Each structure stands twice: as C-alpha cells, then as structure tokens.
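Only a predicted model underlies this, so the values are computations on that prediction, with no experimental measurement involved. Heavy-atom basis, side chains included; hydrogens, waters and symmetry copies ignored. When a residue number appears, it is its place in the shown sequence, counting from 1.
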Amino acid sequence: MSLLTGKTVVVSGVGAGLGHQVAAAVVRDGGNAVLGARTETNLAKSAAEIDPAGGHTAYRATDITDERQCEALAALARERFGAVHAVVHVAAWDSYFGGVEDADFATWQSVIEVNLLGTLRMTRACLPALRAAGGGSVVFVGTQSAVAAPSQVKQAAYAASKGALTSAMYSLARELGPDRIRVNTVLPGWMWGPPVQAYVQFTAHTEGVPEAEVLGRLTERMALPELATDGDVADAAVFLASDRARAVTGQSLLVNAGELMR
C-alpha cells in the first residue's frame, strides 16, 4: 500500500517549485491533493500535470492571509473528497532580502503576516476536518536559515518568520496531540529547484563565471556531493504527512544534504 492511499492532503503555495512537487508526491503515493495558491492559472497547470484525469486533485485560488479563503480551501477538500487527513504548508514570502540594520520593518510585518500568521490561519481552518477524520498531520515548511544564518544571502525577515513558526509548532504539537493531530516541520537548506536555479544563473551572469562554479560553491559544504532537490523535500513532507510517522510530532527535520548537522 502506498503512503497516502485513501488520504486527502491540502497543499498551500502550489506553484512551479516545491508546492508542485509536494502535490505530485501526494498523488504519486496514492492520495488526493487539494491545491491552494494565489494564482489560479498556476494551480490549473500544476493539477493538469500531476493528475491529467482530474480524479485525485482539486484546487482553489487562496490567499492564506484571508481567513475566509483558507476556510474555503478546507471546505473544498471535504466537498470533493470527504475529509482532510493532512495539510502541508508551502506558501511563503521568501523574496525579501536584507538584514536588520537596513530593514524596512513594514515589509517585515508583511512577511510575518504571510509566513507565520497565514500558515497558522490555514492550519486553524483545517482543524475541524482533521478532528472529524480522527486525527492527522500538519507539516510546516521552514528553512535551515531559521537555525543557522546563511553566508551567501541575507534573509533575516524570512528566517525570523520561519523561526517563529517552528516555535509555534511546539505549542501546537502539545495542543493538538490529544486529538491525534501531529505537527512537524521540514527544514530545507539549499534546495535545487526554481529559486536556487535562478540564484545560480543570476550569480554566474553577474560574476561572469560558469554556473557550475557557483553551484560548486554551494555543494562543497555538503556532506553529500549534491544539493537536496525540491523533490527530496517533498518526499520528507509526505512521509511526515503519512501514517508512517504516526508517533512523530513536534520535530524539525533538516533536508539539506548534510550541510548543517544537529
């Protein structure tokens, strides 16, 4: 039996990268994927690629900063597939760069509104369905930057918001444990997918060096000789969403090819 046979998983933040990979892994492993993101065309494209026949996917344009839209996505899962067994949170604002000294704190507030409060808002919207299913799983996607500052780029606001989310995970795991709802976090490091591909291409172009040289700077710090991919992170999220992880809660799993070990 596949990991998610008969299970329905809500996936937020489905675009071209990790969200798509998570949704694809859900369907690959026998589950139903309910896709949410702000851009409906991206959702339609992803669903068509993952599930051409349309029997195992549903989607709805969703801004996780809007409570009613979160509730509507959770309702869609129950209307279409009868239940919600897990929710994987990929939606995030990760495109604001800089440190504290040069911070625009109004933008920081917006980053926190999406990455922390939006994720918790989407989680709360799914709780009635998770309880009705007899329990389930909540999987946050955090970042290695929340526990170890990267040397290549400054993303202090992103790291702080994801660090706060990881702290919230501990409280949620204790709060929801009596309902058999598990709460865990996947912490990706440098993850080969569209954002990192764009970083490598931009840096190579800016410095006038081959892309392989820029990629080599990243991989030389890894214990394994290549970066984790967004597919690797998706597989970790699907494991935590499944009953194979039924005794795992309140945990953070680094998926980073061994760059940082804790």
Exercise for review: Show the numbers, then the answer: is there a side-chain hydrogen bond (donor to acceptor under 3.5 Å, both in side chains) between Gln201 and Glu211?
Suggested key: CA-CA 6 Å; Gln201 291 166 358; Glu211 291 180 18; 4.5 Å; no

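- Remark: Phe202 CZ is loosely packed, at most 12 non-hydrogen atoms of other residues, nucleotides or ligands lying under 6.0 Å away.
- By the 4.0 Å N-to-carboxylate-O rule, Glu71 lies too far from Arg121 to be salt-bridged with it.
- Arg182 places a side-chain N or O within donor-acceptor distance of the main-chain N or O of Leu240, the cut-off being under 3.5 Å.
- Without hydrogens or angle criteria, Thr249 side chain to Val183 main chain gives a donor-acceptor distance under 3.5 Å.
- In this structure a side-chain-to-backbone donor-acceptor pair under 3.5 Å is present from Ser242 to Arg244.
- Side-chain contact between Val138 and Asn184 is absent, with no heavy atoms from C-beta onward closer than 4.5 Å.
- His89 and Thr119 form no side-chain donor-acceptor contact under 3.5 Å, judged by distance and modelled atom types alone.
- Taking CG of Leu187 as the reference point, atom CG of Leu254 lies at 5.0 Å (rounded to 0.5 Å).
- Transitive grouping of hydrophobic side chains (ILVMFWY, heavy atoms separated by less than 4.5 Å) keeps Val196 and Trp93 in distinct clusters.
- The backbone N or O of Tyr158 sits less than 3.5 Å from a side-chain atom of Ser161, completing a donor-acceptor pair.
- A chain of hydrophobic side-chain contacts below 4.5 Å, direct or via other Ile, Leu, Val, Met, Phe, Trp or Tyr residues, connects Val139 to Val14.
- Residues Val90 and Val88 are in side-chain contact: their nearest non-hydrogen atoms beyond the backbone lie under 4.5 Å apart.
- Linking ILVMFWY side-chain heavy atoms closer than 4.5 Å, directly or via other members, places Met191 and Leu260 in two distinct hydrophobic clusters.
- For Trp108 and Ser110, the side-chain atoms include no donor-acceptor pair closer than 3.5 Å.
- Counting heavy atoms from C-beta on, the side chains of Thr57 and Val34 never come closer than 4.5 Å.
- A 4.5 Å side-chain heavy-atom check between Leu215 and Trp192 finds at least one atom pair inside the cut-off.
- A side-chain donor from one of Gln144 and Asn256 sits under 3.5 Å from a side-chain acceptor of the other.
- Using a 3.5 Å distance cut-off with no hydrogens or angles, the side chains of Asn32 and Thr8 do pair a donor with an acceptor.
- Asp102 places a side-chain N or O within donor-acceptor distance of the main-chain N or O of Gly99, the cut-off being under 3.5 Å.
- Salt-bridge check for Glu101 with Lys154: failed, with every basic side-chain N at 4.0 Å or more from each acidic carboxylate O.
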**Study point:** Check against salt bridge (charged side-chain N to carboxylate O under 4.0 Å, His left out), Arg28 and Asp51
**Key:** CA-CA 9 Å; Arg28 176 202 67 200; Asp51 180 34; over 6 Å; no

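- Side chain of Gln21 to main chain of Asp230: no donor-acceptor pair is present (N/O by atom type, distance under 3.5 Å, no hydrogens or angles).
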Practice item. With side chain to side chain contact (heavy atoms under 4.5 Å, CB included) as the test, would you mind laying out the steps for Thr166 and Phe140 before giving the verdict? Key: CA-CA 8 Å; Thr166 299; Phe140 297 150; over 6 Å; no

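- A donor-acceptor pair under 3.5 Å links the side-chain atoms of Gln155 to the main chain of Asp94, judged by distance alone.
- Contact check on Glu40 versus Arg60 returns no salt bridge, with no Lys/Arg side-chain nitrogen under 4.0 Å from an Asp/Glu carboxylate oxygen.
- Going from atom CG of Leu116 over to atom CD of Gln109 covers 12.5 Å, rounded to the nearest 0.5 Å.
- Remark: Thr5 OG1 to Asp29 CG distance equals 8.0 Å, nearest 0.5 Å.
- For Arg180, the CZ atom sits in a loose shell: 12 or fewer heavy atoms of surrounding residues, nucleotides or ligands are nearer than 6.0 Å.
- Connection of Tyr96 to Val141 is not established within any shared hydrophobic cluster, with ILVMFWY side chains joined at heavy-atom distances below 4.5 Å, either directly or through further cluster members.
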Practice item. Walk me through it: do His85 and Ser137 pass the test side chain to side chain contact (heavy atoms under 4.5 Å, CB included)? Key: CA-CA 7 Å; His85 301 95; Ser137 175; over 6 Å; no

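- With salt bridges taken as basic N to acidic carboxylate O contacts below 4.0 Å, none links Asp66 and Arg38.
- One hydrophobic cluster holds both Val87 and Leu73 under the rule that ILVMFWY side chains link at heavy-atom gaps under 4.5 Å.
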